[in-house]
Amino acid sequence: MSASPQRDNYAYIAEAVGPSLPVYQQPGGDVLSRLNNPNEWHDPLVLLATARSGDWIKVRMPVRPNGSTGWVAASSVRLTWDPYRIVVDISSHRLTLLNVGQPVMHAPVAVGAKDTPTPRGTFYLTALLQPPNPAGAYGPYAFGLSGYSPVLKTFAGGDGEIGLHGTDDPASIGHSVTHGCIRVPNKVIEAMAGRLPLGTPVIVSA
């Protein structure tokens, strides 16, 4: 397993195999957290694996603060290989989908406004939701991400988790207008929803 899926052309996804996944500070160390499986969105609990040491897997965690990592026992997860990676460039308002390092899709995006910026860093897809109204504010699909707003602790009844979703305001695409989420045209989120596994890395840069 590679030390950094951000630099490589693929990633490993660690899917929990039990109802609760203990995450440790270090291999064999203290428990940092216990994560529920399925997650709060009723999707399988997945984490982005970044390294392996013997019987232990280092993972990125879907918790605050952004960038939190820990270790899980290899026996507590199922590893799968993921060729996809999403790269979002804030300054150019552009998303690129890579498959084994090769661009397979480009799309314009809307990102966070000045006062509610989209956080930078490496995140991953944690959930796929299908809103009841496909013509609504989130479009036909919305991915939850493992990152959180740096300024909003709560939003719309949630805990400030950012998302990648469609929109009912196509004129907003290409601008910095959101509360931190990444908006794409509805046809783009439909294509990604049918293609990408949960756990796919999302790299957001300036």
Side-chain angles (χ1 to χ4, degrees), residues 2-13 41 43 46-50 60 62 66-67 80-131 133-150 155 161-206:
S2 121
S4 173
Q6 183 175 353
R7 289 196 299 267
D8 292 329
N9 294 332
Y10 57 88
Y12 282 97
I13 300 167
W41 304 111
D43 278 313
V46 297
L47 303 98
L48 181 59
T50 63
R60 291 185 179 272
N66 290 337
T80 56
W81 181 79
D82 178 13
Y84 292 106
R85 178 173 39 151
I86 298 168
V87 177
V88 176
D89 187 305
I90 296 290
S91 59
S92 65
H93 297 88
R94 194 159 182 81
L95 175 151
T96 301
L97 175 63
L98 304 172
N99 184 350
V100 196
Q102 299 301 311
V104 293
M105 182 189 297
H106 296 286
V109 299
V111 296
K114 180 179 178 181
D115 293 337
T116 54
T118 300
R120 277 67 162 170
T122 297
F123 309 106
Y124 62 92
L125 305 178
T126 58
L128 177 59
L129 309 177
Q130 192 169 7
N133 179 11
Y138 298 103
Y141 292 99
F143 283 109
L145 301 186
S146 62
Y148 293 81
S149 167
F155 181 75
E161 178 184 2
I162 61 171
L164 169 63
H165 58 75
T167 181
D168 62 351
D169 183 13
S172 68
I173 300 297
H175 301 283
S176 300
V177 295
T178 79
H179 289 91
C181 287
I182 301 161
R183 294 180 195 166
V184 296
N186 287 344
K187 64 179 181 180
V188 173
I189 200 67
E190 288 175 343
M192 290 195 294
R195 184 179 218 173
L196 303 180
L198 298 183
T200 294
V202 181
I203 295 96
V204 182
S205 65

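One-based numbering along the sequence shown. Bear in mind the structure is a predicted one, so any value in this text is a computation, not a measurement.
Looking at heavy atoms from C-beta onward, Thr126 lies in side-chain contact with Glu161 at the 4.5 angstrom threshold. Residues Pro197 and Thr80 form no side-chain contact, since every pair of their non-hydrogen atoms from C-beta on lies 4.5 Å or further apart. Counting heavy atoms from C-beta outward, Val184 and Met105 have side chains that stay 4.5 Å or more apart. By the 4.5 Å heavy-atom criterion applied to side chains, Ser172 and Thr178 are not counted as neighbours. Annotation: side chain of Leu48 is not in contact with side chain of Ser146 (no heavy-atom distance under 4.5 Å). Side-chain contact between His93 and Ser176 is present, with at least one heavy-atom pair separated by less than 4.5 Å. Within the 4.5 Å cutoff, no side-chain heavy atoms of Leu164 are placed close to those of Val88. Between Ile162 and Val204 there is no side-chain heavy-atom pair separated by less than 4.5 Å.
Minimum interatomic distance between Asn186 and Pro134 (heavy atoms only, all atoms of both residues): ND2-O, 4.4 Å. Nearest approach of Leu198 to Leu128, heavy atoms of both residues: CD2-N, 3.9 Å. When all heavy atoms of Gly163 and Cys181 are compared, the closest pair comes out as N-SG, 3.1 Å. Heavy atoms only, all atoms of each residue included: Pro131 and Gly139 are closest at CG-O, 3.4 Å. Taking each heavy atom of Trp41 and Ala127 in turn, the nearest pair found is CD1-CB, 3.5 Å. Nearest approach of Gly180 to Pro119, heavy atoms of both residues: O-CD, 4.3 Å.
Once rounded to the nearest 0.5 Å, the distance linking CZ of Arg195 with CD of Glu190 reads 14.0 Å. The CG atom of Asn99 lies 9.0 Å from the CG atom of Asp82; values are rounded to the nearest 0.5 Å. His106 contributes atom NE2, which lies 12.0 Å from atom CG of Asp89 (distance to the nearest 0.5 angstrom). Atom CZ of Phe123 and atom CD1 of Ile203 lie 10.0 Å apart (nearest 0.5 Å). In this structure, OG1 in Thr118 is found 11.5 Å from NE2 in His179, a value given to the nearest 0.5 Å. Note that OH of Tyr124 is 10.5 Å distant from CG of Leu145, once rounded to the nearest 0.5 Å.
A donor-acceptor distance shorter than 3.5 angstrom exists from the side chain of Tyr148 to the backbone of Pro62, with no hydrogens or angles considered. Not a single donor-acceptor pair under 3.5 Å links the side chain of Thr200 to the backbone N or O of Leu125.
When the options Val109, Ile189, Ile173 are evaluated for a side chain to side chain contact (heavy atoms under 4.5 Å, CB included) with Arg183, the one that passes is Ile173.
His165 and Tyr138 have perpendicular rings, their planes meeting at more than 60° on a 0 to 90° scale where under 30° would count as parallel.
More than 12 heavy atoms of other shown residues, nucleotides or ligands fall within 6.0 angstrom of atom CG in Asn133.
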